[in-house]
Amino acid sequence: MKASAKGIRRLSLTFYRRDPLVLAPELLNKLLWCHDGRAGRIVEVEAYHGADDPAAHSYRGKTLRNAAMFGPPGHLYVYFTYGMHWCANVVCGETREGFAVLIRALQPVAGVELMHAARPRAKTDRQLCNGPARLAQAMGIAKQQDGVDLVNGEAYALLDDGMPPPDHPVQTTRIGLSKAADYPWRWYVADSAYISKK
DNA sequence: ATATTGATTCAT
DNA sequence: TGAATCAATATA
């Protein structure tokens with residue numbers, strides 16, 4: 001897939017400069033794109049709300065690890081967890097707010113061969129990107145991609161190919177949290193076979 | 001259900 | 001300086 005193809009446009013800075021609770025469901029059905037041709041449609045997201053959100057990495061302020069979260073919107077925040085996994089968030093809101101949206105699952109749409117090469121454990125296309133660490137692996141996102149500019153950078157971008165977000169996304173609680181586990185800040189495409197968990 | 005894995009963070 | 005935590009995945 002080419003980012004410059006007709007009818008496909010890169011999401012602009014103004015798109016990202018909003019509250020994650022508004023932005024997260026808007027991100028559904030957008031594309032996460034890599035310059036080498038890999039691309040996937042976003043089917044599951046979670047919002048993290050900075051100082052108001054005990055589950056957010058940014059809750060207790062800026063550290064070396066979460067620095068990208070406090071940087072300008074429209075950049076990636078990539079973190080390492082459970083001793084072995086990388087996960088990708090999109091920084092949003094305004095600089096220094098510490099807002100982000102975690103991308104939890106993609107439906108692969110292009111460069112599927114490259115995704116399988118990057119993630120040999122996946123036996124089917126469904127197993128490629130149905131989880132935050134899985135999609136990061138399939139899309140080649142790790143430490144090096146922390147802080148990558150999605151608005152002006154060459155390597156990665158979020159694209160709008162004209163498919164609108166779903167009219168009625170499913171809204172539920174977030175996955176894997178001990179704090180603020182009751183906040184309904186996870187959204188997914190209702191009928192997608194590519195989400196991480198029902 | 002359980003093992004894996006190591007950076008980050010918080011409490012001594 | 002040490003212990004607990006962790007936006008998870010793989011295998012059984």
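Within every chain, numbering begins at 1; the chains are lettered A, B, ... in the order of the sequence lines, protein sequences first and strands thereafter.
For C:dC6, the OP1/OP2 oxygens have a side-chain nitrogen or oxygen of A:Ser178 closer than 4.0 Å. Proximity of A:Arg60 to the phosphate of B:dT8: no side-chain N or O atom is located under 4.0 Å from OP1 or OP2. Between A:His85 and the phosphate of C:dA7, there is no side-chain N or O to OP1/OP2 separation shorter than 4.0 Å. When the side-chain nitrogen and oxygen atoms of A:Arg104 are compared with OP1 and OP2 of C:dA8, one or more of them lie within a distance under 4.0 Å. Neither OP1 nor OP2 of C:dC6 sits under 4.0 Å from any side-chain N or O of A:Arg65. A close approach under 4.0 Å does occur between a side-chain nitrogen or oxygen of A:Thr63 and OP1 or OP2 of B:dT9.
Side-chain contact check for A:Leu11 versus A:Leu159: every heavy-atom pair is 4.5 Å or farther apart.
Using a 30° and 60° split on the angle between ring planes, A:His57 and A:Tyr79 fall in the perpendicular class, above 60°. Note on ring orientation: taking the six-membered ring where Trp is involved, the planes of A:Phe99 and A:His49 are parallel (angle under 30°, cut-offs 30° and 60°).
Shown here is A:Gln144, whose CD atom has no more than 12 heavy atoms of other residues, nucleotides or ligands within 6.0 Å. Counting heavy-atom neighbours within 6.0 Å of A:Arg17 CZ, excluding the residue itself, gives a total of 12 or less.
Look at CG on A:Leu177: it is 9 Å from P on C:dC6, rounded to the nearest Å. A straight line from CZ of A:Phe80 to P of B:dT9 spans 14 Å, rounded to a whole angstrom. In this structure, the CG atom of A:Asn130 is 8 Å from the P atom of C:dA10, given to the nearest Å. Between the CZ atom of A:Arg174 and the P atom of C:dC6 there is a distance of 13 Å, rounded to whole Å. A straight line from CG of A:Leu102 to P of C:dA8 spans 7 Å, rounded to a whole angstrom. What separates CE of A:Met84 from P of B:dT8 is a distance of 16 Å, to the nearest Å. One can place CD of A:Glu46 at 12 Å from C1' of C:dA8, the figure rounded to the nearest angstrom. For the pair A:Lys123 NZ and C:dA10 P, the interatomic distance rounds to 10 Å; values are reported in whole Å.
When each of A:Asn66 and A:Gly83 is assigned the nucleotide of DNA chain B bearing its nearest heavy atom, the one mapping closer to the 5' terminus is A:Gly83. Judged by closest nucleotide on DNA chain B, A:Tyr82 is the one of A:Tyr82 and A:Lys143 placed further toward the 5' end. The residue among A:Arg121 and A:Gly176 whose nearest nucleotide of DNA chain C lies closer to the 5′ end is A:Gly176.
Ring-to-base geometry places A:Tyr48 in a stacked arrangement with C:dA7 (centre distance under 5.5 Å, plane angle under 30°).
B:dT2 sits 22 Å from C:dA7 when the P atoms are compared, rounded to a whole Å.
Base pairing of B:dG6 is made with C:dC6, judged by Watson-Crick or G-U wobble geometry with both donor-acceptor distances under 3.5 Å.
Ion pairing of A:Arg65 with A:Asp146 is absent here, as no side-chain N (NZ or NE/NH1/NH2) approaches a carboxylate O to less than 4.0 Å.
Counting non-hydrogen atoms under 4.0 angstrom, A:Arg119 reaches the backbone sugars and phosphates but no base. Counting non-hydrogen atoms under 4.0 angstrom, A:Lys197 reaches nothing in the nucleic acid.
An anti orientation is assigned to C:dA4, its glycosidic angle lying beyond 90° of 0.
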